[in-house]
Protein chains: 2
Amino acid sequence: MTLFTPKGIPVASFNACGTKPFIGASETPHTAEAKIDFVYPEVPFPSNLLFQTWGEENIRKMVRHHHQLLRKSVIGNLFPANDEMFNFATEKTADFFVEALGGEKCYTPIHGHPALRMRHFHITIDEKGREIWLMMYKKTIKDLHMPDECIHEFWNWIEPLSIRMINRRTTTADIQRHAHDAIWSEV
Amino acid sequence: MTLFTPKGIPVASFNACGTKPFIGASETPHTAEAKIDFVYPEVPFPSNLLFQTWGEENIRKMVRHHHQLLRKSVIGNLFPANDEMFNFATEKTADFFVEALGGEKCYTPIHGHPALRMRHFHITIDEKGREIWLMMYKKTIKDLHMPDECIHEFWNWIEPLSIRMINRRTTTADIQRHAHDAIWSEV
């Protein structure tokens with residue numbers, strides 16, 4: 001998507017721009033236009049349907065299951081090696097999911113605003129890391145039999161949300177989207 | 001700077017948005033708006049004034065001097081440890097600068113389009129790495145007495161150009177700019 005400045009000047013992404021022939025300096029200087037990397041899409045938060053339907057304990061089990069899958073994955077090294085630290089991180093994430101999905105305020109009073117992008121800056125998260133995080137949620141949802149009527153809203157939240165954690169780019173390509181209908185029709 | 005979609009919907013940066021109070025799920029879903037990270041500013045390429053004034057050999061010396069400074073800096077680990085490899089990388093960069101500044105086509109016929117952002121993806125370059133790269137050029141320009149009348153154009157090229165190599169974000173803050181007038185008034 002091409003965005004525009006307030007004055008109507010287009011600012012395309014590196015990917016959309018492609019590569020023009022390289023021109024060395026001559027007597028007349030030229031200018032390469034401003035660019036953006038990519039647009040982090042909007043994030044539709046879910047209603048409290050999942051919380052109402054599944055309850056806090058299932059949401060906590062979901063987060064624990066997901067973290068166990070991540071730990072065994074190729075991005076397992078991004079998580080604490082120490083069991084106690086790993087479990088602490090897992091429960092903190094579970095607190096976030098419980099509060100975000102409509103449960104009690106068990107995260108923000110202790111940790112403050114989630115500010116998820118900022119909170120993940122100390123971990124290198126590239127496009128592939130985000131893919132794995134997301135696909136492990138797909139497996140978790142199936143493994144734990146999340147109620148069918150809740151999957152759409154939940155997926156449409158975590159899919160764009162996961163993009164916000166990307167802080168290391170390894171390509172100019174657009175971020176791969178995984179629309180609910182595409183990813184769940186095959187299940 | 002806030003950018004707009006073709007339909008006039010604003011897409012601000014993470015930095016410009018700040019942090020709104022966190023709202024957990026209720027019966028009514030809400031949506032976090034789309035965002036960008038930052039705008040990579042336009043890059044004004046220099047004329048061939050520096051090449052005409054200083055010549056190829058001084059440009060090559062400049063690149064070698066800069067690389068030696070980088071090698072001794074805290075980002076020295078981003079460069080090949082092996083001398084032969086390091087010198088090969090240095091001479092390739094010198095070829096690029098010679099061609100880009102108006103000299104003979106000694107880079108693109110061998111290596112193809114510079115595509116500098118893409119070419120640097122295998123190296124982790126964060127905001128601090130870019131600062132060091134740039135400040136080592138400031139020192140190089142002074143150490144080697146680049147002709148005064150050429151500094152403005154050269155600096156106004158490499159300063160925004162260096163931003164394009166950033167592929168690891170560690171903050172939502174805007175990228176620090178180093179305008180020619182601000183950076184050279186103190187010299």
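Below, all heavy atoms of this structure are taken into account, side chains as well, without hydrogens, waters or symmetry copies. The structure presented is a predicted model; accordingly, all values stated were derived computationally and were not measured. We name chains A, B, ... by the order of the sequence lines, and we start the count at 1 in each one.
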Among the listed options A:Arg117, A:Glu153, A:Met118, the residue most often paired with chain B at heavy-atom distances under 4.5 Å: A:Arg117
Selection from A:Ile123, A:Leu49, A:Thr28 maximising heavy-atom pairs under 4.5 Å formed with chain B: A:Ile123
Selection from A:Asn48, A:Thr171, A:Thr2 maximising heavy-atom pairs under 4.5 Å formed with chain B: A:Asn48
Worked check of side chain to side chain contact (heavy atoms under 4.5 Å, CB included) between A:Asn167 and B:Thr170: CA-CA 7 Å; A:Asn167 55 36; B:Thr170 66; over 6 Å; no
Residues B:Tyr107, A:Phe22; criterion ring pair (Phe, Tyr, Trp, His ring centres under 6.0 Å); working and verdict: CA-CA 10 Å; B:Tyr107 181 92; A:Phe22 182 71; 7.6 Å; no
Leading residue by heavy atom contact count with chain B [cutoff under 4.5 Å; candidates A:Pro41, A:Pro44, A:Gly112, A:Ser26]: A:Ser26
Contact class of B:Glu99 relative to chain A, heavy atoms under 4.5 angstrom: both
Parallel, tilted or perpendicular, as decided by the 30° and 60° cut-offs, for the rings of B:His30 and A:Phe45: parallel
Single-linkage hydrophobic cluster, 4.5 Å side-chain cutoff, A:Trp133 and A:Trp184 together: yes
Proximity of residues 72-89 of chain A to chain B, residues having a non-hydrogen atom under 4.5 angstrom: none
In one Ile/Leu/Val/Met/Phe/Trp/Tyr side-chain cluster, 4.5 Å: B:Phe97, B:Met135: yes
Per-residue contact mode, A:Phe38 against chain B (heavy atom under 4.5 angstrom): backbone
Any side-chain heavy-atom pair of A:Val11 and B:Val39 under 4.5 Å: yes
Contact class of A:Phe96 relative to chain B, heavy atoms under 4.5 angstrom: side chain
Ion pair check, B:Asp37 and A:Arg164, cut-off under 4.0 Å: no
Spatial distance of atom CD1 (B:Ile166) from atom CZ (A:Arg168) [nearest 0.5 Å]: 12.0 Å
Largest heavy-atom contact set with chain A, pairs under 4.5 Å, which of B:Glu27, B:Lys105, B:Gln52, B:His122: B:Glu27
B:Arg169 NZ/CZ over A:Phe121 ring centroid, <6.0 Å and within 45° of normal: no
Pick from B:Gly8, B:Gly102, B:Ala115, B:Pro10 with the largest number of heavy-atom pairs that fall under 4.5 Å of chain A: B:Gly102
Cluster link A:Phe4 to A:Phe14, ILVMFWY, side chain under 4.5 Å: no
Best-contacting candidate, A:Pro46, A:Gly24, A:Pro29, A:Ala32, against chain B by heavy atom pairs under 4.5 angstrom: A:Ala32
Shared hydrophobic cluster for A:Ile183 and A:Tyr137 (ILVMFWY, side-chain gaps under 4.5 Å): yes
Largest heavy-atom contact set with chain A, pairs under 4.5 Å, which of B:Thr172, B:Thr108, B:Ile9, B:Leu3: B:Leu3
